[in-house]
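All remarks here apply to the structure that follows.
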There are 2 protein chains.
Amino acid sequence: MPSRTPSTPTPSSPEQMNPSVWTRPRGGREQPALSRDQIVAEALRLLDSEGIDALSMRKLGNRLGAGATSLYRHVANKDELIELAVDEIYGEIEVPDTADPARWREDAARCAHSLRATMLRHPWIASVLGQMGLSYLGPNYMRISEAMLSVFTTAGFPPEEADQAMATVIAYVTGMATSEAAWLTVLARSGQNEEEWIERLYPAAEQAAQAYPHLREGLAGQRGKNPRTAREEGFQYGLDRVLDGLATRVN
Amino acid sequence: MPSRTPSTPTPSSPEQMNPSVWTRPRGGREQPALSRDQIVAEALRLLDSEGIDALSMRKLGNRLGAGATSLYRHVANKDELIELAVDEIYGEIEVPDTADPARWREDAARCAHSLRATMLRHPWIASVLGQMGLSYLGPNYMRISEAMLSVFTTAGFPPEEADQAMATVIAYVTGMATSEAAWLTVLARSGQNEEEWIERLYPAAEQAAQAYPHLREGLAGQRGKNPRTAREEGFQYGLDRVLDGLATRVN
DNA sequence: CCCAGAACGCGCACGCCGTACGCACGTTCC
DNA sequence: GGAACGTGCGTACGGCGTGCGCGTTCTGGG
């Protein structure tokens with residue numbers, strides 16, 4: 001027989017029974033203590049510090065001093081909670097509040113960099129994008145789309161093409177940032193820093209690239225570079241090309 | 001009494017000696033029956049038909065006529081299994097086997113379309129990219145990278161820039177396809193087709209876009225279009241812009 | 001001021017999950 | 001003949017999301 005506390009109710013709840021009314025720590029409910037905003041905020045803290053796999057309703061409940069199922073009074077289910085968290089994150093993305101036709105390129109670039117930076121600050125969203133998509137219809141997503149659309153339309157893109165241009169930039173940035181975020185996640189799990197990891201894996205990579213001359217050359221060319229700035233330069237290069245391509249349609 | 005074939009071998013019990021080899025119910029161990037390739041293949045079938053959430057070691061074991069834990073003889077853990085499945089999928093991506101400088105744009109475009117088509121055929125990889133990244137080092141991934149690098153270097157990009165150009169195209173395609181795949185996944189779960197879903201959500205979207213003129217216009221402009229071809233045109237537009245932007249560096 | 005009903009927190013239970021461990025068995029090599 | 005090995009599987013552990021029903025607290029209308 002396993003030494004477990006008896007699962008049969010034992011009617012007058014066992015250990016949390018205070019010996020007397022007089023020592024009971026304050027009658028009544030402490031606080032409301034649970035609200036949707038508070039839940040989302042704590043979920044964000046958990047996600048940012050431990051990643052998406054660490055987010056469970058039980059753990060989140062504990063952190064809030066509540067049981068897991070209490071959360072369901074304020075949130076329909078875990079997916080909805082994550083969707084709320086994602087839109088909350090979108091709130092950090094900076095977009096221009098007025099569109100200047102002469103500055104469309106800088107404005108778009110600024111949006112792109114802000115989007116990337118936000119994703120890298122919260123790498124767990126990369127895992128979410130592939131499951132829920134971009135969570136359209138969230139208030140912050142709509143705010144951002146409107147601003148970016150406005151940048152492209154005032155730049156001279158006809159409405160339908162402005163849509164496509166925005167989608168192009170967003171796809172490039174999310175694609176790049178997703179791969180960076182996944183990399184950072186793997187890294188964080190391993191407890192090593194970027195340089196250590198690369199150095200450790202270099203022999204394996206070199207061997208795997210044996211038969212592929214271009215890969216070998218690329219590998220050798222990156223050796224010893226600061227990986228962080230290399231990532232930033234790579235992002236900037238692609239962004240410049242995307243904007244170059246868009247510029248041909250409007251200049 | 002459930003009519004199941006006896007799962008317990010009971011090999012040497014005396015009276016059940018079968019008279020002939022041909023009628024004997026396959027005494028002892030059936031076959032090797034389990035190999036890494038077979039496991040990966042069945043995992044792919046499961047993933048393609050029911051999505052990433054439906055992949056569990058137990059279910060996969062059942063499908064192979066084996067217990068869940070038997071799989072661990074051939075695969076270190078679930079993540080490794082998925083990584084193998086991903087690289088298997090990469091095998092479907094078509095890349096040119098010889099690079100012709102005059103045709104670099106068409107070659108790159110063909111790779112891009114093939115990558116997108118592959119991701120849309122197996123939408124579950126979108127969920128995986130954000131967690132593992134692109135599964136570098138897998139044999140098929142290396143084959144593809146080599147081919148694409150070769151396209152860009154023979155087109156005239158210096159080695160380091162060819163790397164960045166390839167990363168740009170891949171980021172754009174995966175970004176676009178991830179969002180499409182997520183959309184298709186949500187759709188599949190709902191059991192509706194694209195048009196139905198859009199029509200059903202239209203009022204909500206219209207209301208949410210109330211305060212945003214550009215969003216409203218975009219919404220109205222897309223109404224009634226065939227969503228599938230609209231997605232394809234959007235992808236082609238962005239791809240053209242990306243390649244335009246790259247072309248400025250080499251022509 | 002009271003009380004009915006709504007809102008809320010929570011314990012419990014169910015049916016899943018990934019996987020560590022050790023046993024039983026067929027095969028193969030000495 | 002028997003030891004060593006590869007393989008499948010039963011069992012078990014700790015965790016998960018969440019439906020349900022209970023008791024408590026809060027609120028607003030009479």
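Quick note on labels: first sequence line is chain A, next is B, and so on, each numbered from 1.
A:I39 has its CD1 atom 13 Å from the P atom of D:dT18, to the nearest Å. Nucleotide C:dT19 holds its C1' atom 14 Å from the CD atom of B:E80, rounded to whole Å. A straight line from CG of B:D53 to P of C:dC17 spans 11 Å, rounded to a whole angstrom. Computed from coordinates, the B:K59 NZ to C:dC16 P distance equals 10 Å when rounded to whole Å. Protein atom CG of A:L55 is 11 Å distant from nucleotide atom P of D:dT18, rounded to whole Å. If you take CE of A:M57 and P of C:dC16, they are 20 Å apart, rounded to a whole angstrom. Look at CG on A:N62: it is 15 Å from P on C:dG9, rounded to the nearest Å. Computed from coordinates, the B:L34 CG to C:dG26 C1' distance equals 16 Å when rounded to whole Å.
Within the structure, salt bridge (charged side-chain N to carboxylate O under 4.0 Å, His left out) contacts touching residues 81-90 of chain A (residues at least two apart or in different chains) do not occur. Within the structure, every pair that satisfies the salt bridge (charged side-chain N to carboxylate O under 4.0 Å, His left out) test and touches residues 181-198 of chain A, not counting sequence neighbours, is listed here: A:D53-A:R189, A:E194-A:R231. The salt bridge (charged side-chain N to carboxylate O under 4.0 Å, His left out) contacts involving residues 120-131 of chain A comprise A:E92-A:R121, where partners must be two or more places apart or lie in separate chains.
Of the candidate nucleotides D:dC16, C:dC17, D:dC9, C:dC17 has the atom nearest to the side chain of B:K78. Side-chain proximity of B:R58 to C:dT19, D:dG17, C:dC10: nearest is C:dT19.
The nearest heavy atom of DNA chain C to B:R73 and to B:N77 marks one nucleotide each, and the one closer to the 5' end goes with B:N77.
Looking only at distances, a side-chain donor or acceptor of B:Y90 sits under 3.5 Å from a matching main-chain atom of B:L134.
At the heavy-atom level, A:T69 lies under 4.0 Å from base atoms of the strands shown. Using a 4.0 Å heavy-atom cutoff across all strands shown, A:L81 reaches no nucleic acid atom at all.
Stems are defined here as 3 or more consecutive Watson-Crick or G-U wobble pairs with pairing distances under 3.5 Å; those involving DNA chain C are C:1-30 with D:1-30.
An OP1 or OP2 oxygen of C:dA7 is reached within less than 4.0 angstrom by no side-chain nitrogen or oxygen of A:H74. In terms of phosphate contacts, A:S70 brings a side-chain nitrogen or oxygen within less than 4.0 Å of OP1 or OP2 of C:dC10.
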May I have the list of side-chain donor-acceptor pairs in residues 124-132 of chain A shorter than 3.5 Å, sequence neighbours left out?
unit_1 : atom_1 : unit_2 : atom_2 : d
A:W124 : NE1    : A:D48  : OD1    : 2.7
A:S127 : OG     : A:W124 : O      : 3.2

Pairs under 3.5 angstrom only: tabulate donor-acceptor contacts from the side chains of residues 199-210 of chain B to other protein residues two or more places apart or in another chain.
unit_1 : atom_1 : unit_2 : atom_2 : d
B:E199 : OE2    : B:R223 : NH2    : 2.3
B:R200 : NE     : B:Q192 : OE1    : 3.3

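Within 6.0 Å of the CZ atom in A:R63, the count of heavy atoms belonging to other residues, nucleotides or ligands exceeds 12.
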